[in-house]
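Atoms considered below: every heavy atom in the structure, side chains included; atoms not considered: hydrogens, waters and symmetry mates. Chain letters run A, B, ... following the sequence lines, proteins first, then strands; residues in each count from 1.
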Amino acid sequence: MIKAILVFNNHGKPRMMKFYQYYAEDMQQQIVRETFHLVSKRDDSVCNFLEGGTLIGGSDFKIIYRHYATLYFVFCVDSSESELGILDLIQVFVETLDKCFENVCELDLIFHVDKVHYILSEMVMGGMVLETNMTEILTRVNEQDKIEKEEAGITAAPARAVSAVKEMNLPQKIKDIKLPELPSIGGLKF
Amino acid sequence: MSKILKTHPKSVQSHKDLVLQCLDDRDESIRLRALDLLYGMVNKKNLMEIVKKLMIHMDRAEGSYYRDELLSKIIHICSQGNYQHVTNFQWYVTILVELTRIEGTRHGNLISSQMLDVAIRVSAIREFAVSQMKNLLENAHIFANNCQRNGICEVLSAAAWICGEFSDYIEDIPATIETMLKPKVTILPGHIQSMFVQNILKLFARSVDKESGDPEEISKLIEILLEKLPLFIQSSDLEVQERACSSIQLLKYLQKIHNKNVDIGPEISVLFSGTLNPVAPKAQKKVPVPDGLNLDKWINEPISSSSEDDEECKKPATFFSSSIEATFPSKKKMPEPTEEELARRREERLQEQENNPYYLAGSTKSPKKKTSMPMSQSTDDIPVAAIELDVPLQISSSKSLFNIKSSDKYLIEAREEERRAIEKKNKKRLSKKSKKKKNHYSDEEIEPSVQHSVNVAFDMPEGATLSDEDAADNKAVDDPHRMLDINLDEPLKENEVLPVRRHRIVDSIPNDSADIPDGKKKKKKKKSKAESDKPAKTEKKKKKKKKSASTESNLLVEEDVTIDIQNHESIPCEEETLSLPTQGNKPKDDLITSKIDDQNDMNFWLSNDNEQEVKPAEQNYTETIEVTKKSEKPKKKKKDEKKKKRRKQSDYEIADGITTPSMERVEFLSPKPPSDVLLVASNDLIKIYMGTKVNRQSNSVSAKLLLQNSSERTTFKDMEFTVIDTTNIKLLREPSNGNHEGIKFPFVLQPLSEREAFVNFSISNVVKPQKLKGSLSYITKSSEGSSLEKLDFKLKFDCSMLLIPGNIDSAAFSNILASTDSMVKHSSECSSKKSDFNQILKDICLRARFSIVEKIDATASLYATSMEGHHVCLLIKQMGNSSLVIDGKSNDSSLISNVVSEICSIVSQM
């Protein structure tokens, strides 16, 4: 089971946090700090798996992390998860983010926090891994986007609406109205 | 592999070389794992090499946690299997001594117990050990500094004991006694001092024995002792005091006897004769209860616990005692539940659990989590013929020595401990009475080196049998309560220590605060440079001052940006402005303003450019002055902007002939309009520019109108500015005027000059762009004559023009974005000719009134609020092909879409 997923930058500033086990607010901050402390010391060529600190559960829990440019993606898992599998999961997550937001960077995680959480929920729910196939996840996320846009309706894009109205060529439309065939009166014979 | 090690050590051994290689790896995790595996790897031949390698590692080790690990590993490896792998005990003793030199370790106990163990069991090495210990004692002062619990100073107690017990091997006993009596000793912890005192006595006994022919020496010795021992009486530790007192009394008595020329030698030596052997852990329990003694019967009334103490006091603090079992029947206050009782309860509980549908059965994982912790020595590692020590090998495994389950555990334990200690030290054990089982274990020799036998004997009460089989703590393997065996006495390991929060000190870039004219705003909070959220705003400060003290256009608008957090360093300018009254139409003091201007100038030019700051593009222009205002400071005096325009000006244009009071300020026509204003209308003679700024105090928008007279000969006067109000936007006029009258500008516009004027509007709908129709009527005066003319214009108020840049930090920004109250999204893409992202950002901030929250490489997040309190958040990303992606979020959908499209058009125009 995955206990927590943390994303923080090179300075220890958390960009995204998701805990699958209840921790109080200050505990969460403490966990982030501790994890940052553990992970930042490590060179890039050393092992990506660490024993967890005591806050998050002690020696049973492992910390699996990956370092991309300015961000650390850290998954805290217990012994039932395979380390290499989780490593791959991190990769899938990051690639999905990259596909959804072009050139994803730290600020994207802050700005599109809802979308990031949607993507994460597609992959991990309640600490259990649901989906690891990137195309599948992307399909679902795109579907969700479409639904959002539809629901937003015309108010969401007044510019679009305005331009749609402008382009509506009313005179032409009137000319194009086809009247139904009416029986001609002239044909009546007395 | 570590799990395989337990069951199949042979298979792991074949990878020995690889594991040894791993020891040298850079990665600490790999090294730790290799250490775990080392248990199975050692044999006699490579033990020394491995330990040597580990010692080298220890020197290089970063972090004391790792060092401690190494240390304990070394010791565990060596002591495995009754030291089966150690061929050369001299070497081992030396290793132990070297280990004491490692600073900062918390395993002093471990080392000291090892020393004791080796010294006791390996009789052949005693001499060498004693000499080493003497050295240690002489260097005691090094250790005295490190007086924490479990620190290195523990080894001193071991050293003292060894010296005392095996004092045969010491040649110069008085010298050793001297070293133990040094005053520095009193710094040591109490238990060490008590050990010292006791062993001083032992040494004395030995020396008396040795020099029994020399009464002079003896009396000298006695005197020295009597002189120095009183030092210990004053110790705060009770044990030390007691021992010191008893020793002193004894010595005094002996002195008396000695002065009567009686040979005290033999008597004293009887004190400490006999060897002490390690005691089996269950020995105490196995003490057979003497007949006629009913342990369960209460001696006294249940209330008085003094009965137990009496028992204790009765037991004499004698040096002679015939047998172990004599005086210490264990007394239990509370009757323990008997075996049947326990079994019955267990049955009940299991029954209940079965019936309970919600009960989740416990896991059958290995209950002891000790296997992964190298520190604790699980009993699995030790073969069945186990070493049972009374000085525990682990730091605190008092639990494994005492197997008491009652709630009086601690009380009884403590008493047992004390009794045991006294037993060991004070009592003389007559060897005849106890049966010893001696197992001689001899090493198979590969080299004909010194062979030492390790004595694994231990003492048991008469008739008791070795019962190591219940070393498994008397609990069934599947007893769920086994998991409660948490050892709380262990000190915290490095990875269990919680990190202490320290204040992060950051060098804040010296805020070039005095860049008031440049409108750089900085945050009050310190942030790290890399993410310096120093949004620079170009706040346009409209300084309003009507030239003459005309009341009709006395719409003095106090500009204030309350949410901006400023630094306080722009004091010089501030103070000067503060000295001027905040209201009123006092005629300006040129001197002051020019002084301020110069200062602003200087500071501006001296400032270093922070990457996140948006330099107002109009610095080069004379007309506009940006001054940031401190929210706390009182309202600044409005300065006439024209005065500020002066600062960069060198020449005045003299008007031809006509001098009016308002004439003195004539400006050059700026070559191109400042970038904060937009062209509104123009004809041959005059151009009108407008720039807006939101005034949050009065919730209105003030517009700065720049009127440029581009003609060369025509003068404009009597200018009047009228607009047609709409429902959404109204011109704020003097109350006395009617609702449709215009605002008259009292100044005269000379040829080739420009003037500024300020008008205010109130806007009720900010989410849509507004348009206003208006006209400017004026009388032109030229050489040909004068005429009344009108210039019509349309004022367009974009949404983005009406935004107020917000000064928030990224945490608040994230909170706003994460809040669930409806944030609408809108995004678009546009391309810009410029490729400098910073420049683009600055322009956007300037034109669309945003502030940068955070900027990283080619992405930036911006924030602003609308007059009605909507949040507007933007994310701008520069893509590779010089296109810009703009994402926006706001509370209001039309607002955000308008803002985003406006920004797009701004960007494409750039």
Colleague: With a 4.5 angstrom heavy-atom cut-off, is it the side chain or the backbone of N10(A) that approaches chain B, or both, or neither?
Modeller: neither
Colleague: Please flag which part of A860(B) lies under 4.5 Å from any non-hydrogen atom of chain A: side chain, backbone, both or neither.
Modeller: backbone
Colleague: Which bit of K877(B) comes within less than 4.5 Å of chain A, counting heavy atoms only: side chain, backbone, both or neither?
Modeller: side chain
Colleague: Who wins among T70(A), V113(A), I110(A), L109(A) for the most heavy-atom pairs under 4.5 Å with chain B?
Modeller: I110(A)
Colleague: For L874(B), is it the side chain, the backbone, both, or neither that has a heavy atom closer than 4.5 Å to a heavy atom of chain A?
Modeller: backbone
Colleague: Do the rings of Y65(A) and Y72(A) sit parallel, tilted or perpendicular, given the 30° and 60° boundaries?
Modeller: tilted
Colleague: Please classify the contact between V116(A) and chain B as side chain, backbone, both or neither, with a heavy-atom cut-off of under 4.5 Å.
Modeller: neither
Colleague: Regarding R66(A) and D44(A), does a basic nitrogen lie under 4.0 Å from an acidic carboxylate oxygen?
Modeller: no
Colleague: Do any side-chain atoms of residues 118-131 of chain A form donor-acceptor pairs under 3.5 angstrom with protein atoms, and if so which ones, sequence neighbours left out?
Modeller:
from, atom 1, to, atom 2, distance (Å)
S121(A), OG, H117(A), O, 2.6
E131(A), OE2, N133(A), N, 3.2

Colleague: Would you please name every residue forming a salt bridge (charged side-chain N to carboxylate O under 4.0 Å, His left out) with E102(A), sequence neighbours left out?
Modeller: none
Colleague: On the six-membered ring of F19(A), is K3(A) placed so that its NZ or CZ lies under 6.0 angstrom from the centre and within 45° of the ring axis?
Modeller: no
